Each structure stands twice: as C-alpha cells, then as structure tokens.
2 protein chains.
Amino acid sequence: MNNFELCPRFEKAVSILSQRWTALIIYQLTSGPQRFCTMTEKLGVSGKTLTERLKELEQRGFVVRDVYPETPVRIEYSLTDKGMSLTPIMKEIEKWSSKWIALDSTDAK
Amino acid sequence: MNNFELCPRFEKAVSILSQRWTALIIYQLTSGPQRFCTMTEKLGVSGKTLTERLKELEQRGFVVRDVYPETPVRIEYSLTDKGMSLTPIMKEIEKWSSKWIALDSTDAK
DNA sequence: TAAGTAACTTACTTTATGTAACTAACTTTA
DNA sequence: TAAAGTTAGTTACATAAAGTAAGTTACTTA
C-alpha cells in the first residue's frame with residue numbers, strides 16, 4: 001500500500017512551470033529585460049504563443065511589461081521578485097542537465 | 001544588446017521536464033515503485049497519455065518497468081539512478097511552491 | 001505617398017491530450 | 001463450462017493547445 005499523496009502546491013507549481021515555453025521564457029528573462037521580437041528569435045516560440053504566455057506570466061505576477069514610447073515603440077518584459085525567485089530551480093536544472101544530458105543522437109529528441 | 005544564448009543542455013532538460021505529466025510522474029515515483037492504475041488514479045492522467053509518457057521515460061532511462069507474473073499480472077514502474085537524480089530539482093520546486101504558491105482563488109487556474 | 005518597424009492579432013492547420021469503449025491473458029465464480 | 005473479474009494496456013474519435021503566415025495598428029523616415 002502506498003499512501004503518498006501529491007502536494008497541491010507542488011502540483012500547481014508544476015502545472016505553471018511545465019506549460020510549454022514558460023520555463024524557457026523565465027530563464028531567458030533572468031539575463032535581463034527583453035523585447036518581444038528578441039524572445040521569439042532566441043527561443044523559437046511563435047508570436048501567438050509568446051503573447052499568451054507573457055500575458056499569463058504578467059497576470060500571475062512573474063513578469064512586468066514596460067512601454068517606452070520611442071520610435072518605433074519599445075516594450076520590455078522583465079522579471080518581478082516572484083519571477084526572480086525561480087532562479088534556484090533554474091540553477092538546479094542547469095546543474096542536472098550538465099551532468100545528465102548528452103547532446104549526441106543517442107539521447108536526441 | 002544582449003548576447004545571452006540558451007544553453008542547449010538546459011533547453012533539452014526543460015523540453016523533457018516540461019512535457020505535460022512528466023514531472024508529476026517522476027515526482028510520484030520518488031515515493032517508490034508504482035503500478036499503472038495507481039498512477040492514473042493519483043495523478044488524474046489518462047491511460048493513453050500515461051502509456052506514452054512511461055514509454056518515453058523508459059527509453060530515456062529515467063524509469064524501469066518490472067513485470068511480476070502473478071494473477072492478475074502486476075507491473076511496477078520505478079525510477080533508475082538517472083530518474084532519482086532529478087530529486088534535487090523536485091525539492092527546489094517543492095521549496096519554491098511552499099513559499100510562493102497560494103491555494104486560494106486569487107492565484108487559481 | 002510609399003515603405004519600414006515593433007508588437008501584436010486573426011484565420012486556418014497541425015499536433016497533443018482526453019474520453020470511453022475494446023482487447024489480451026489469465027483466474028475465479030456460478 | 002460459460003460468465004464475469006482483473007490489470008494493463010490499445011483504438012477510434014473528439015476537443016484543446018500550439019504553429020504558420022498573413023493582416024492590423026500606430027507611429028516615422030525616405
């Protein structure tokens with residue numbers, strides 16, 4: 001018998017972080033504020049999906065959107081404290097990947 | 001200018017871990033070997049998707065499948081060393097979620 | 001006036017996931 | 001011996017999520 005039950009907070013955290021692109025967007029933003037077009041280029045995410053994810057992340061308080069009314073307009077996305085608080089998780093994933101992920105074809109996907 | 005580039009190992013790790021259900025399946029297995037039906041019940045994942053994920057995880061070397069030819073047959077899935085090596089990441093997510101995830105409606109999804 | 005630019009949005013296609021019924025292989029019950 | 005139960009799947013079909021590529025808005029520069 002196994003009485004282990006999933007912690008609802010953990011489950012929720014995973015449901016947020018494991019949405020496609022979310023973790024990469026946050027990781028990307030740890031290097032500093034970024035523009036929309038930069039993110040689509042560097043991540044390879046479609047504009048449509050990036051729009052959706054950034055809106056969700058803004059609503060959840062991970063990201064802020066700043067408008068600079070220059071010409072052409074510059075809009076920058078950056079991490080809030082809550083967004084930054086994910087850094088230790090990113091670091092662990094980085095650490096793990098450098099030890100366990102091979103880049104040759106045997107493990108490719 | 002921003003010259004930050006995504007680390008390909010990190011990207012790959014994230015692409016594995018952020019596939020829907022994968023992190024929860026691994027987390028669930030950290031509590032010990034589990035059967036197919038137990039996992040569908042506890043996680044709420046469909047049988048079809050669980051089959052797919054377990055096959056992927058087996059191929060990638062995170063999980064092993066053991067058959068006990070009892071009656072009715074018992075099949076148990078458990079983590080390999082590689083699967084277990086993800087524990088520190090899970091712990092970080094757990095730690096983060098206990099601090100930053102609220103369970104009330106304001107943060108609901 | 002035409003073309004350029006950034007940040008989206010929209011219509012449509014493809015892929016991923018869910019649902020629920022079905023199968024295989026074996027055992028127990030009536 | 002035929003019917004029903006059990007686990008671990010599989011299959012066909014439906015819905016949801018993500019990608020693609022063209023279009024939109026609001027400005028500016030050539």
Side-chain angles (χ1 to χ4, degrees), chain A residues 1-2 6 11-12 14-29 32-60 62-79 108-109, chain B residues 1-2 6 11-12 14-29 32-60 62-79 108-109:
Chain A
M1 265 298 109
N2 187 303
L6 270 173
E11 208 172 342
K12 197 157 162 186
V14 166
S15 82
I16 295 169
L17 289 174
S18 74
Q19 244 204 320
R20 197 166 183 191
W21 299 112
T22 297
L24 289 179
I25 290 167
I26 289 170
Y27 183 68
Q28 181 71 22
L29 288 176
Q34 311 235 344
R35 311 178 67 160
F36 191 90
C37 62
T38 313
M39 302 184 81
T40 57
E41 282 162 24
K42 297 215 170 174
L43 298 178
V45 61
S46 73
K48 180 196 163 194
T49 305
L50 184 58
T51 302
E52 278 179 16
R53 286 300 173 280
L54 287 172
K55 278 184 186 159
E56 287 166 13
L57 288 172
E58 214 188 330
Q59 281 182 345
R60 291 185 182 283
F62 291 93
V63 162
V64 276
R65 180 180 187 271
D66 291 306
V67 181
Y68 300 90
E70 302 166 355
T71 276
V73 66
R74 177 164 56 102
I75 292 174
E76 284 194 340
Y77 294 90
S78 49
L79 292 180
K109 150 107 199 200
Chain B
M1 262 301 111
N2 186 302
L6 268 175
E11 208 172 343
K12 196 157 162 185
V14 166
S15 83
I16 295 169
L17 289 173
S18 74
Q19 246 204 319
R20 197 167 184 191
W21 299 111
T22 296
L24 289 180
I25 289 168
I26 288 169
Y27 184 68
Q28 181 70 23
L29 287 177
Q34 310 235 342
R35 310 179 67 161
F36 191 89
C37 62
T38 313
M39 302 184 82
T40 58
E41 281 163 24
K42 296 213 172 176
L43 299 178
V45 61
S46 72
K48 180 194 163 193
T49 304
L50 184 57
T51 302
E52 277 178 17
R53 285 300 173 280
L54 287 172
K55 278 184 186 159
E56 287 164 16
L57 288 172
E58 213 189 329
Q59 281 182 346
R60 291 185 182 285
F62 291 94
V63 162
V64 276
R65 181 179 185 272
D66 291 306
V67 181
Y68 300 90
E70 303 167 355
T71 278
V73 64
R74 178 165 57 103
I75 292 175
E76 283 195 341
Y77 294 90
S78 49
L79 293 179
K109 150 113 200 199

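Values below: every heavy atom of this structure, side chains too, minus hydrogens, waters and symmetry copies. Computed from a predicted model, the values in this text were never measured in an experiment.
- Among all heavy-atom pairs drawn from A:Lys42 and B:Leu6, the shortest one is O-CD1, 4.1 Å.
- Once you apply a 4.0 Å limit to the heavy atoms of chain A, the touched nucleotides of DNA chain D run 5' to 3' over D:dA18 to D:dT28.
- Shown here for A:Val14 and B:Ala23, the closest heavy-atom pair between the two residues is CG1-CB, 3.9 Å.
- Using a 4.0 Å cut-off, no side-chain N or O of A:Arg53 falls inside it from OP1 or OP2 of C:dC8.
- The two residues A:Trp21 and A:Thr49 come nearest to each other via the heavy atoms CD1-CG2, 3.7 Å.
- Put simply, the side chain of A:Glu56 does not reach to within 4.5 Å of the side chain of A:Ile16, judged on heavy atoms.
- Contact check for B:Thr22 versus A:Ser18: no side-chain heavy atoms found under the 4.5 Å cut-off.
- Nearest heavy atoms, A:Ile25 versus A:Leu43: CG1-CD1, 3.7 Å.
- Whole-Å rounding puts the B:Arg20 CZ to C:dA16 P distance at 14 Å.
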Handout entry: Sugar-phosphate or base contact per nucleotide [nucleotides 24-30 of chain C; S, B, -; heavy atom under 4.0 Å]
Key = --SS---
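- Of the possible polar contacts, one joining the B:Arg53 side chain to the B:Arg20 backbone as a donor-acceptor pair under 3.5 Å is found.
- The CZ-P distance, from A:Arg74 to C:dG4, rounds to 24 Å in whole Å.
- In this structure, B:Phe36 and B:Leu54 have side chains that are in contact, with non-hydrogen atoms separated by less than 4.5 Å.
- Nucleotide C:dC8 holds its C1' atom 12 Å from the CD atom of A:Glu52, rounded to whole Å.
- Rounded to whole Å, the distance from CG on A:Asp66 to C1' on C:dA7 is 15 Å.
- If you take CD of A:Gln19 and P of C:dA16, they are 16 Å apart, rounded to a whole angstrom.
- Note: CG (A:Leu54) to C1' (C:dA6) measures 14 Å, nearest angstrom.
- At whole-Å resolution of the value, OH in A:Tyr68 and C1' in C:dA7 are 16 Å apart.
- Residue A:Thr51 has its side chain nearest to C:dT9 when only C:dT17, C:dT9, C:dA7 are considered.
- An OP1 or OP2 oxygen of C:dG18 is reached within less than 4.0 angstrom by a side-chain nitrogen or oxygen of B:Thr49.
- In this model, the phosphate group of C:dC8 is approached by a side-chain N or O of A:Tyr77 to a distance below 4.0 Å at OP1 or OP2.
- Close to C:dA7, at under 4.0 Å from its OP1 or OP2, lies a side-chain N or O of A:Arg35.
- When rounded to the nearest whole Å, the span between NZ of A:Lys48 and P of C:dC12 equals 13 Å.
- Taking every heavy atom of both residues into account, B:Ile75 and B:Tyr77 meet most closely at CG2-CE1, 4.0 Å.
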